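For reference, the structure is listed below as structure tokens.
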Amino acid sequence: MAFFVSVLGFAMVFLPLFAASSADLSSTFYSSSCPKALYTIQTAVKAAVKKEARMGASLLRLHFHDCFVNGCDGSILLDDNSTFTGEKTATGNVNSVRGFDVVDDIKSKVEAVCPGVVSCADILAVAARDSVVCFGGPTWTVLLGRRDSTTASLSAANSNIPSPTSSLSNLITSFSNQGLSRSEMVALSGSHTIGQARCTSFRAHIYNETNIESTFSTSLQSDCPFSGGDDNLSPLDASSATVFDSGYYKNLVNKKGLLHSDQELFNGGSTDSQVNGYTTSSSTFFKDFASAMVKMGNISPLTGTSGEVRTKCGKVN
Ligand code: HEM
Ligand SMILES: *[C@@H]1O[C@H](CO)[C@@H](O)[C@H](O)[C@H]1NC(C)=O
Ligand SMILES: *[C@@H]1O[C@H](CO)[C@@H](O)[C@H](O)[C@H]1NC(C)=O
């Protein structure tokens, strides 16, 4: 018992020194160094979403793909060049993630009000929240103070970003590797209430699988032929692609998940009851989604003097 207590004591005193420093993030991080930061980002996000609704979905996804690869450190934004290969060509990103021009535009507006202060990683976190709000989803307080990486990892991006062919157990493992629970995985997947997917991401699901409603799969096949049309788009939530609601979960219960991985959340397994619950209570979905977004945003941030604040999001200073 004494041994146990002393081990516990050791862990309590020393673990914080080694653990991810998400505790260093703060909602007031830019209150004095850049009081206009949040308003500047929000104004630019609203304008981008007004121009093209889907952009809000694309910005939300960028934050997710940033955080899952060695933490929320802006690594996804680094451009490849002759001597550097970043994450943009990873399987889950190539020909798929978008919104880099909008992020650059937001960054230049923020640089104009306070040069060298606001990180690209924080811009992604705030833009993700502001996008969800634009679609009528929940809001939350974004914790700030992330710094930007000076590196990126193509191999980590290839292995950490979940594939649309994932099984339920793959999905649970992929999120658990990032410190996120099964239930947080189900809540965060509700992001697929907005945005689009390419034919290549769901072709096998609509032609070769049985856990899909047949009129739904047939209707999708006209825009997603068996061969060709890889980049043709369909909404992830056909019931309301530009409204952040619980329509995604209602689709799943009706076997109308677009991706194989979506339907895995309601396919007779351990997550069925949570999906069912969200179909009848969008307020529970909103509450769980908001807290899971904060948790995802806390994945291994660089803080203090680690990393840097990039001047341009696509390039190390
Ligand atoms: C659970 C595992 C997940 C898988 C397997 C997955 C997979 C995908 C795939 C394949 C697409 C379509 C990409 C394309 O065809 O180009 C997509 C789109 C999207 N994903 Fe996920 N995703 C997952 C979780 C998430 C999470 C956690 C978020 C955000 C927190 C998210 C946000 C989005 C959004 C908003 C879009 C639409 C993007 C747009 O229209 O530009 N996804 N996802
Ligand atoms: C569907 O399955 C058949 C037979 O296994 C295979 O030849 C074909 O490539 C698969 N198609 C897709 C889109 O996965
Ligand atoms: C290539 O990109 C890396 C990472 O942004 C940067 O450090 C380096 O200066 C770039 N090289 C050239 C030639 O632009």
Side-chain angles (χ1 to χ4, degrees), residues 52-68 74-75 77-86 88 91-99 102 124-125 128-129 131-132 135 137 148-152 160-168 170-175 178 180 182 184-209 221 224-227 230-237 241-242 244 248 257-265 271 289-290 292-293 295-297 308 310-317:
E52 187 210 8
R54 185 189 176 197
M55 187 51 66
S58 306
L59 292 171
L60 172 59
R61 188 167 184 236
L62 275 180
H63 180 49
F64 164 49
H65 285 203
D66 182 30
C67 294
F68 266 51
S75 56
L77 302 173
L78 290 175
D79 289 320
D80 287 3
N81 61 37
S82 55
T83 56
F84 176 86
T85 305
K88 291 188 173 181
T91 311
N93 289 337
V94 71
N95 297 325
S96 183
V97 281
R98 57 199 289 283
V102 170
L124 288 183
R129 188 269 317 266
S131 295
V132 168
F135 289 107
D148 298 321
S149 68
T150 53
T151 55
N160 296 2
I161 294 168
S163 144
T165 59
S166 301
S167 64
L168 178 59
N170 290 160
L171 294 170
I172 293 170
T173 303
S174 162
F175 279 67
Q178 304 295 335
L180 296 169
R182 178 180 73 188
E184 287 161 340
M185 184 274 288
V186 173
L188 289 169
S189 297
S191 295
H192 291 180
T193 177
I194 54 173
Q196 308 277 323
R198 292 165 306 144
C199 171
T200 186
S201 301
F202 58 83
R203 181 181 282 122
H205 184 52
I206 64 171
Y207 284 100
N208 275 3
E209 297 184 355
Q221 289 172 0
C224 180
F226 193 81
S227 77
D230 282 8
D231 293 332
N232 294 357
L233 297 172
S234 286
L236 283 154
D237 172 6
T242 55
F244 198 99
Y248 168 78
L258 184 64
L259 307 177
H260 171 86
S261 52
D262 289 327
Q263 197 58 57
E264 281 291 286
L265 305 185
T271 51
F289 182 82
M293 283 296 292
K295 185 133 171 237
M296 185 177 87
E308 62 180 18
R310 277 182 225 141
T311 308
K312 291 206 177 294
C313 292
K315 195 173 178 306
V316 167
N317 289 345

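As the structure is a prediction and not an experimental result, all values here were calculated from the model. Numbering of ligands and ligand atoms starts at 1, following listing order. Just so you know, these numbers use all the heavy atoms, side chains as well, and skip hydrogens, waters and symmetry mates. Numbering starts at 1 and runs along the sequence shown.
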Problem - Flag for Thr150-Arg310: side-chain donor and acceptor within less than 3.5 Å - result: no

Handout entry: Asn160 side chain vs Phe68 backbone, donor-acceptor pair below 3.5 Å
Key = yes

Practice task
Flag atom 2 (O) of ligand 2 as yes if some protein heavy-atom distance to it falls below 4.0 Å, otherwise no.
Solution key: yes

Exercise for the section: Answer with side chain, backbone, both or neither: which part of Val316 has a heavy atom less than 4.0 angstrom from an atom of ligand 3? Expected result: both

Problem - Element-labelled atoms of ligand 1 that are located less than 4.0 Å from some non-hydrogen atom of Ser189 - result: 1 (C)

Problem - atom 41 (O) of ligand 1: the protein heavy-atom neighbour that sits closest, reported with distance to 0.1 Å - result: Ser58 OG, 2.7 Å

Problem - Shortest protein heavy-atom distance from atom 11 (N) of ligand 2, along with the residue and atom involved - result: Asn208 ND2, 3.0 Å

Practice task
Report, in ascending order of atom number, the atoms of ligand 2 lying under 4.0 Å from any heavy atom of Arg203.
Solution key: 13 (C)

Practice task
Taking Asp66 for its side chain and Gly74 for its backbone only, find out whether a donor-acceptor pair lies under 3.5 Å.
Solution key: yes

Handout entry: atom 14 (O) of ligand 3: nearest protein contact (heavy atom, Å)
Key = Asn81 ND2, 3.4 Å

Handout entry: Donor-acceptor under 3.5 Å (Thr193 side chain, Phe244 main chain)
Key = no

Problem - Location of contacts on Leu259 toward ligand 1, heavy atoms closer than 4.0 Å - result: side chain

Problem - Closest approach of any protein heavy atom to atom 39 (C) of ligand 1, naming residue and atom - result: Arg54 NE, 3.4 Å

Problem - Proximal ligand 1 atoms for Ser96, defined as those under 4.0 Å from one of its heavy atoms - result: 13 (C), 14 (C), 16 (O)

Exercise for the section: Consider every N or O of Tyr207 and every N or O of ligand 2, then say whether any pair is closer than 3.5 Å. Expected result: no

Practice task
With rounding to the nearest 0.5 Å, note down the distance linking OG in Ser174 to CE in Met185.
Solution key: 8.5 Å

Exercise for the section: Name the closest protein heavy atom to atom 35 (C) of ligand 1, giving the residue it belongs to and the distance to 0.1 Å. Expected result: Ala57 O, 3.1 Å

Problem - N/O donor-acceptor pair under 3.5 Å between Gln196 side chain and Arg54 backbone - result: no

Handout entry: Residue pair Glu209 / His260, side-chain donor-acceptor N/O under 3.5 Å
Key = yes

Fill in the blank from the handout: Closest non-hydrogen atoms of Ile172 and Arg182, given as atom of the first, atom of the second and distance, are CD1-CD, 3.7 Å

Exercise for the section: Look at Lys88 together with Asp79 and state whether they make a salt bridge at an N to O cut-off of under 4.0 Å. Expected result: yes

Practice task
Could you tell me whether some N/O pair between Ser191 and ligand 1 is separated by less than 3.5 angstrom?
Solution key: no

Problem - Any donor-acceptor N/O pair, Asp80 side chain to Gly86 backbone, under 3.5 Å - result: yes

Exercise for the section: Under 4.0 Å from a heavy atom of Pro162: give me the atoms of ligand 1 that qualify, with their elements. Expected result: 2 (C), 3 (C), 5 (C)

Exercise for the section: Among all protein heavy atoms, pick the one closest to atom 12 (C) of ligand 1 and tell me residue, atom and distance. Expected result: Ala197 CB, 3.5 Å

Handout entry: Residue, atom name and distance, where the atom is the protein heavy atom closest to atom 9 (O) of ligand 3
Key = Lys315 NZ, 3.4 Å

Problem - Residues Thr173 and Asn170: side-chain donor-acceptor under 3.5 angstrom - result: no

Problem - Non-hydrogen atom of Phe202 closer than 4.0 Å to ligand 1 - result: no

Practice task
Answer with side chain, backbone, both or neither: which part of Ser201 has a heavy atom less than 4.0 angstrom from an atom of ligand 1?
Solution key: side chain

Practice task
Could you list which atoms of ligand 1 come closer than 4.0 Å to a heavy atom of Gly195?
Solution key: 37 (C), 40 (O)

Exercise for the section: Classify the angle between the aromatic ring planes of Phe64 and Phe175 as parallel (below 30°), tilted (30 to 60°) or perpendicular (above 60°). Expected result: parallel

Practice task
Could you tell me whether Thr200 approaches ligand 1 through its side chain, its backbone, both or neither, with non-hydrogen atoms closer than 4.0 Å?
Solution key: neither

Handout entry: Numbered atoms of ligand 1 (with element) below 4.0 Å of Leu171, judged on heavy atoms
Key = 1 (C), 2 (C)

Practice task
Pull out every atom of ligand 1 sitting under 4.0 Å from any heavy atom of Ser163, numbered as shown with elements.
Solution key: 5 (C)

Practice task
Would you confirm whether Gln221, through its side chain, and Phe226, through its main-chain N or O, come within 3.5 Å as a donor-acceptor pair?
Solution key: no

Fill in the blank from the handout: Near Phe175 (heavy-atom distance under 4.0 Å), the atoms of ligand 1 are 1 (C), 2 (C), 27 (C)

Practice task
Select the closest option to atom 36 (C) of ligand 1 among Met55, Met293, Arg61, judged by heavy-atom distance.
Solution key: Arg61

Handout entry: Interfacing atoms of ligand 2 (cut-off 4.0 Å, heavy-atom, Phe226)
Key = 11 (N)

Handout entry: Nitrogen or oxygen atoms of Asn95 and ligand 1 under 3.5 Å apart
Key = no

Handout entry: Gap between atom CD1 of Ile194 and atom OG1 of Thr242 - 0.5 Å precision
Key = 9.0 Å

Practice task
Kindly say whether Arg198 contributes a backbone atom to a donor-acceptor pair with the side chain of Asp230 at under 3.5 angstrom?
Solution key: no

Exercise for the section: Answer with yes or no whether the side chains of Asn81 and Thr83 bring together a donor and an acceptor at under 3.5 Å. Expected result: yes

Handout entry: Heavy-atom protein contact below 4.0 Å for atom 7 (O) of ligand 2
Key = no

Problem - Whether Gln263 side chain and Gly257 backbone form a donor-acceptor pair below 3.5 Å - result: yes

Handout entry: Atoms in ligand 1 with a heavy atom of Leu236 nearer than 4.0 Å
Key = 18 (C), 19 (C), 36 (C), 37 (C)

Completion exercise
To atom 21 (Fe) of ligand 1, the closest N, O or S atom belonging to His192 is NE2

Practice task
Quick one: look up the protein heavy atom nearest atom 25 (C) of ligand 1 and list residue, atom name and how far away it is.
Solution key: Phe64 CE2, 3.2 Å

